[in-house]
Amino acid sequence: MSCVGICGSDVHYLVNGKIGDFVVREPMIMGHESSGVVAKLGKDVKNFKVGDRVAIEPGVPCRTCRFCKEGRYNLCEDIVFCATPPVHGSLRRFYKHAADFCFKLPDHVTLEEGAMLEPLSVGVHACKRANIGIGMKVLILGAGPIGLVSLLVAKAMGASKIVITDLVQHRLDIAKKLGADETLLIRREGTEAETVKKIHELVGEEPDRTIDASGAQSSIRLAILATKSGGVAVLVGMGAPEVQIPLINALIREVDIRGVFRYANDYADALDLVATGKVDVKPLITHNYKLEDTLAAFETSKSGQGNVIKGKTTLGQERA
Ligand code: NAD
Ligand code: ZN
């Protein structure tokens, strides 16, 4: 293994011991945003050779159920996903993975970028679910790693104006550097109607597409209320299991609400975006640690100190 990013879910498992129905009952190796160098091959593997640098798509589905056959393998009930209990993750020196879920990195793509294909694939999937196209106005709610990768992908897919929100100015500053046209610092004292109005002013009209990457109820409500009639609101953020939303408003204005769960058939596209230079994920990597300092890496991610966007553990094999 070469590089493993730390995801909010890794930190959540460490701190809370569970996410929804997934409960950590025994010690579990973390990590699912990863890349490595092929050390050994299964006897039937033809598409790789020892020494190949690969990005690892962390979920391996059953390949035979109807979801898998339809290509929506992220919905497979038997998917084996790194660091989702009881399955161990990839934050270790050696790790075995199905070859058809490994992606060979071209020479000019670094192993760090390879690890970043995981969150980037979430952004690719979200933007595909949103059907983002040329000239569209896009609203993104939340400027954490997922909001930021969605921003990068939406731009690459032709969005002409992107407005992004957050509660934290520093994250908005990064979004601006990454190409957001306008940013909006959400203040808790403002009313919902005022916020919708402000968003429409910043977008210049009502956004065609909205992606919620915060999971906050207030944001999910905005995703519906701010999106133009006939538009699409995509929900990526996972907060409370139940939220109160203005569903009738969505109904009468035909705003489609679409969920996003990880990704399916998006890794190759994520790699293509990076390899062709259409998307630069490097500015999202703000912290680097050695494997031996993994605990410190988690501590930093947990506390958010030093304005972490993405912490990453390097496992000694990195060849940039
Ligand atoms: P993060 O916590 O780093 O980012 C969330 C951002 O939203 C933060 O910057 C926070 O300040 C901001 N925020 C919170 N409340 C807000 C509000 N009311 N308005 C605007 N911004 C607000 O997390 P992340 O890693 O970027 O992930 C984002 C969300 O996506 C999380 O809920 C995560 O669980 C979820 N997620 C979902 C999938 C999926 O497959 N659906 C995959 C990965 C992550
Ligand atoms: Zn399946």
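In listed order, ligands and their atoms are each counted from 1. Scope of the values below: all heavy atoms of this structure, side chains included, with no hydrogens, waters or symmetry mates.
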Only one of Val153, Val124, Leu117 forms a side-chain contact (heavy atoms from CB on, under 4.5 Å) with Asp266, so which one is it?
Val124
From Gly123, Gly237, Gly239, Ser219 - option closest to atom 30 (O) of ligand 1 by heavy atom
Gly237
Common cluster, Val23/Met30, ILVMFWY with side-chain heavy-atom separation under 4.5 Å
no
Would you mind listing which atoms of ligand 1 come within a distance below 4.0 Å of any non-hydrogen atom of Ser218?
18 (N)
of all protein heavy atoms, closest to atom 2 (O) of ligand 1 is Arg171 NH1, 4.6 Å
Ligand 1 contact on Met238 by region, counting heavy-atom pairs under 4.0 Å:
both
Please assess Glu112 against Asn288 for the test side chain to side chain contact (heavy atoms under 4.5 Å, CB included), listing each intermediate value before the final yes or no.
CA-CA 10 Å; Glu112 281 201 328; Asn288 285 284; 3.0 Å; yes
Aromatic ring proximity Phe101/Tyr73, centre distance under 6.0 Å:
yes
For residues Ile6 and Ser301, report the shortest heavy-atom separation together with the two atoms involved.
CG2-OG, 3.6 Å
Among non-hydrogen protein atoms, atom 15 (N) of ligand 1 lies closest to Leu167 CD1, 3.4 Å
Give a yes/no on ligand 1: does Gly142 have at least one heavy atom closer than 4.0 angstrom to it?
yes
Protein contact to atom 42 (C) of ligand 1 [nearest heavy atom, distance to 0.1 Å]:
Val122 CG1, 3.9 Å
Which ligand 1 atoms, with their elements, are less than 4.0 angstrom from a heavy-atom of Thr165?
20 (C)
Shortest reach to atom 28 (C) of ligand 1 by a heavy atom, considering only Ala216, Gly144, Ala213:
Ala213
Could you tell me if any non-hydrogen atom of Leu141 lies under 4.0 Å from any atom of ligand 1?
no
Metal-centred angle, SG of Cys62 through the Zn ion (ligand 2) to SG of Cys76, rounded to 10 degrees:
110°
Identity and separation of the nearest protein heavy atom to atom 27 (O) of ligand 1
Ile146 CG1, 3.4 Å
In plain terms, say whether Lys137 and Asp208 are close enough for a salt bridge, that is, a side-chain N and a carboxylate O under 4.0 Å apart.
no
Could you go through the salt bridge (Lys or Arg N to Asp or Glu O under 4.0 Å) check for Lys197 and Glu201 one step at a time?
CA-CA 6 Å; Lys197 189 160 166 271; Glu201 281 166 12; 3.6 Å; yes
Taking the side chain as everything from C-beta on, heavy atoms only, tell me whether Leu91 gets closer than 4.5 Å to Thr294.
yes
Could you walk me through whether His287 and Tyr289 pass the side-chain hydrogen bond (donor to acceptor under 3.5 Å, both in side chains) test, one step at a time?
CA-CA 7 Å; His287 289 63; Tyr289 294 86; 4.9 Å; no
Pro145, portion touching ligand 1 at heavy-atom distance under 4.0 Å:
both
Closest protein heavy atom to atom 11 (O) of ligand 1, given as residue, atom name and distance to 0.1 Å
Asp166 OD1, 2.6 Å
Taking only heavy atoms of Phe261, which atoms of ligand 1 are found under 4.0 Å from at least one of them?
40 (O)
The Zn ion (ligand 2) as vertex, arms to SG of Cys68 and SG of Cys65: angle to 10°?
110°
